[in-house]
A.B. asks: 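Quick one: structure below, then a few questions.
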Amino acid sequence: MSAAGEARGRRALVTGAARGIGAAIAERLRGDGLEVLTADREPGCDLRFDVAAEIPDLGAVDVCVSNAAITDTVAPAHRMTETQWERDLAVNLSGAFRVIAACLPGMRERRYGRIVAISSGAARMGLPGQAAYAASKAGLLGLVKTVAAENVRRGITANAVLPGLVATEKVRAMPAEILERLVATMPTGRMAEPDEVAGLVAYLCSEAAGYVTGEAIAIDGGGSLNTFSLTRSGSGQD
C-alpha cells in the first residue's frame with residue numbers, strides 16, 4: 001500500500017505552520033495523504049491560537065507535529081531578563097507540552113498516534129547568546145522521551161527532530177556577512193532546505209515508523225562532526 005493509502009483518514013496538526021519549516025511539513029504531509037490542520041498565531045492557517053495560552057480541543061488529531069517556536073530572544077545569560085527567559089520557555093517548551101497533552105487522550109483512546117517535536121541542534125550543543133532558546137529546545141528531548149515511554153504500548157510514538165541552520169525566509173533575511181560566516185562553518189557548505197526537514201518529519205509521522213520512538217534525530221549536515229584534519233586538503237578525504 002502506498003504512503004498516501006496508509007495515511008488516508010488520519011488527521012495531522014502542524015503548529016507554527018504559517019511559513020518556514022512548518023509550512024513545508026504541512027505541504028509534505030498533505031502530499032502523503034493526511035488531512036492536515038495548520039495552526040499559527042499569525043493569520044493564514046486553519047486554526048489561529050497562541051501555544052503559550054489556551055489550546056483548543058485537539059482530541060481528533062492522530063499526528064501531532066509541534067513546531068511553533070520563537071527564536072528572536074538574543075542576550076547572554078548574565079544579561080538575559082527573567083521576562084525573556086520565561087517567554088522562550090512559555091512558547092517553545094510549555095507550548096509544545098500543551099499541544100501534545102491536548103492530542104494524547106484521543107490518541108490513547110484510538111491506540112494510535114505519531115508525535116514529532118521540532119527541537120534544535122542547540123539542544124545538544126548550546127547556543128551562545130540564546131540560553132533560553134537552547135534550554136527550551138533541550139527540554140523537548142526529555143518531554144519526548146517521557147511521552148514515548150508512557151505510551152509505547154498504546155501504538156503512539158514520540159520523537160524529536162533537531163535541525164541545524166535551515167534556509168527559511170527568516171534565516172535568509174539575516175545580514176549576508178553573518179550568513180556567509182555561518183555557512184562557512186558547515187561541513188556540507190550549505191544550509192538545509194525546509195523540504196529536507198519535512199521529509200524526515202514525514203517519515204516519523206508515517207505508518208512505517210511505528211518502531212521508532214523516543215529518539216532525537218539531528219538533521220544538520222554533519223554539523224556535530226569534527227571535520228578537522230591534518231591532511232593536505234584539510235578534508236580528510238584525499
Side-chain angles (χ1 to χ4, degrees), residues 10-18 20-26 28-29 34 36-41 45 47 49-52 55 58 61-71 88-108 112-127 130 132-152 154-164 166 168 192 194 196-206 209-210 212-220:
R10 303 290 190 195
R11 175 174 291 182
L13 171 75
V14 182
T15 66
I21 294 172
I25 292 170
R28 175 59 185 266
L29 294 182
L34 280 81
V36 179
L37 290 174
T38 56
D40 208 297
R41 63 181 180 180
C45 288
L47 303 173
F49 62 88
D50 187 340
V51 297
I55 301 296
L58 301 175
V61 170
D62 302 298
V63 175
C64 173
V65 181
S66 177
N67 170 69
I70 53 176
T71 62
D88 274 29
L89 266 68
V91 176
N92 299 354
L93 181 54
S94 296
F97 165 74
R98 291 188 186 97
V99 170
I100 292 168
C103 294
L104 274 169
M107 292 179 176
R108 287 172 63 86
Y112 180 89
R114 297 286 184 267
I115 296 168
V116 179
I118 306 302
S119 180
S120 167
R124 287 175 170 165
M125 301 177 67
L127 188 60
Q130 290 191 286
Y133 175 78
S136 67
K137 291 298 189 177
L140 289 177
L141 306 188
L143 172 62
V144 159
K145 279 197 172 290
T146 301
V147 169
E150 290 174 347
N151 294 281
V152 69
R154 289 184 174 264
I156 299 167
T157 66
N159 295 286
V161 168
L162 286 64
V166 182
T168 61
E196 292 177 301
V197 180
L200 173 57
V201 173
Y203 169 70
L204 294 173
C205 292
S206 71
V212 181
T213 193
E215 295 300 322
I217 305 173
I219 176 166
D220 61 5

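Here the structure is a predicted model, which means the values were calculated and not measured.
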A.B. asks: Rounded to the nearest 0.5 Å, what separates atom CG in Asp220 from atom CE in Met125?
C.D. replies: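 Rounded to the nearest 0.5 Å, the CG-CE separation comes to 7.5 Å.
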A.B. asks: Would Val201 and Val14 satisfy side chain to side chain contact (heavy atoms under 4.5 Å, CB included), going step by step from the backbone distance to the final call?
C.D. replies: CA-CA 11 Å; Val201 173; Val14 182; over 6 Å; no
A.B. asks: Test of understanding: with side chain to side chain donor-acceptor pair (under 3.5 Å), list the residues that count as partners of Tyr203, not counting sequence neighbours.
C.D. replies: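 Applying side chain to side chain donor-acceptor pair (under 3.5 Å) to Tyr203 gives none.
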A.B. asks: For Asp62, which residues count as a salt bridge (charged side-chain N to carboxylate O under 4.0 Å, His left out) partner, sequence neighbours excluded?
C.D. replies: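 Applying salt bridge (charged side-chain N to carboxylate O under 4.0 Å, His left out) to Asp62 gives Arg110.
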A.B. asks: Which atom pair, heavy atoms only, marks the closest approach of Pro194 to Gly20?
C.D. replies: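 That closest heavy-atom pairing would be CB-O, 4.3 Å.
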A.B. asks: Please name all residues satisfying salt bridge (charged side-chain N to carboxylate O under 4.0 Å, His left out) with Arg28, sequence neighbours left out, ordered by chain then number.
C.D. replies: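 Residues passing salt bridge (charged side-chain N to carboxylate O under 4.0 Å, His left out) with Arg28: Asp32.
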A.B. asks: Taking the side chain as C-beta and beyond, is there a heavy-atom pair between Val65 and Leu204 under 4.5 Å?
C.D. replies: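 They are not in contact (no side-chain heavy atoms under 4.5 Å apart), so the answer is no.
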A.B. asks: Checking Thr38 now: which residues fulfil side chain to side chain donor-acceptor pair (under 3.5 Å) with it, not counting sequence neighbours?
C.D. replies: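 Partners of Thr38 by the side chain to side chain donor-acceptor pair (under 3.5 Å) criterion, ordered by chain and then number, come out as Asp46.
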A.B. asks: Nearest 0.5 Å, please: how far is CG in Leu34 from CZ in Arg10?
C.D. replies: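 Going from the CZ atom of Arg10 to the CG atom of Leu34 covers 8.5 Å.
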A.B. asks: If you measure from OH on Tyr133 to CG on Asp88, what distance do you get to the nearest 0.5 Å?
C.D. replies: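 Output value for this atom pair is 9.0 Å.
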A.B. asks: Which atom names give the shortest non-hydrogen contact between Cys205 and Val63, and what distance separates them?
C.D. replies: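 Result for this residue pair: SG-CG1, 3.4 Å.
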A.B. asks: Do side-chain atoms of Asn67 reach the backbone of Ile118 as a donor and acceptor pair under 3.5 angstrom?
C.D. replies: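 No; judged by distance alone, with no hydrogens or angles, the pair does not exist.
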A.B. asks: Looking at CG of Asn159 and OG1 of Thr213, how far apart are the two atoms once the value is rounded to the nearest 0.5 Å?
C.D. replies: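 Here the interatomic distance stands at 5.0 Å.
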A.B. asks: List in chain and number order the residues that pass side chain to side chain contact (heavy atoms under 4.5 Å, CB included) with Ala90, two or more places apart in sequence or in another chain; answer none if no residue qualifies.
C.D. replies: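 Partners of Ala90 under the side chain to side chain contact (heavy atoms under 4.5 Å, CB included) test: Ala52.
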A.B. asks: Sequence neighbours excluded, which residues qualify as side chain to side chain donor-acceptor pair (under 3.5 Å) partners of Glu196?
C.D. replies: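 Side chain to side chain donor-acceptor pair (under 3.5 Å) list for Glu196, sorted by chain: Arg190.
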A.B. asks: Between Leu89 and Ser136, which heavy-atom pair has the shortest distance, and what is it?
C.D. replies: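 Taking Leu89 first and Ser136 second, the nearest heavy atoms are CD1-CB, 4.0 Å.
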A.B. asks: Which atom names give the shortest non-hydrogen contact between Leu29 and Ala12, and what distance separates them?
C.D. replies: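 Minimum heavy-atom contact is CD1-CB, 4.1 Å.
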A.B. asks: What residues, two or more places apart in sequence or in another chain, satisfy side chain to side chain contact (heavy atoms under 4.5 Å, CB included) together with Phe97?
C.D. replies: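 For Phe97, the residues satisfying side chain to side chain contact (heavy atoms under 4.5 Å, CB included) (neighbours in sequence not counted) are Ala101, Leu143.
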A.B. asks: Which value, rounded to the nearest 0.5 Å, describes the distance between Arg98 atom CZ and Leu58 atom CG?
C.D. replies: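 It is 13.0 Å, given to the nearest 0.5 Å.
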A.B. asks: Please identify each residue that fulfils side chain to side chain contact (heavy atoms under 4.5 Å, CB included) with Arg108, with sequence neighbours left out.
C.D. replies: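 Listed in chain order: Asn151, Arg154, Ile156.
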A.B. asks: Quick one, Met107 and Cys64 - any side-chain contact, counting heavy atoms below 4.5 Å?
C.D. replies: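 Sidechains of Cys64 and Met107: in contact.
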A.B. asks: Restricting to non-hydrogen atoms, name the atom on Val51 and the atom on Val99 that form the minimum distance, rounded to 0.1 Å.
C.D. replies: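 That closest heavy-atom pairing would be CG1-CG2, 3.8 Å.
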A.B. asks: With the side chain counted from C-beta on, respond yes when Leu104 and Ile115 share a heavy-atom pair under 4.5 Å apart, and no when they do not.
C.D. replies: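 With C-beta onward as the side chain, the pair touches.
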A.B. asks: Are the side chains of Thr157 and Val212 in contact, using a 4.5 Å heavy-atom criterion?
C.D. replies: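 SC-SC contact between Val212 and Thr157 ruled out.
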A.B. asks: Check side chain to side chain contact (heavy atoms under 4.5 Å, CB included) between Asp40 and all other residues, then give those that pass, not counting sequence neighbours.
C.D. replies: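 Side chain to side chain contact (heavy atoms under 4.5 Å, CB included) check on Asp40 returns Ala18, Glu42, Cys45.
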A.B. asks: Between Leu141 and Ala160, what is the shortest heavy-atom contact and its length?
C.D. replies: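 Scanning both residues, the minimum pair turns out to be CD2-CB, 3.8 Å.
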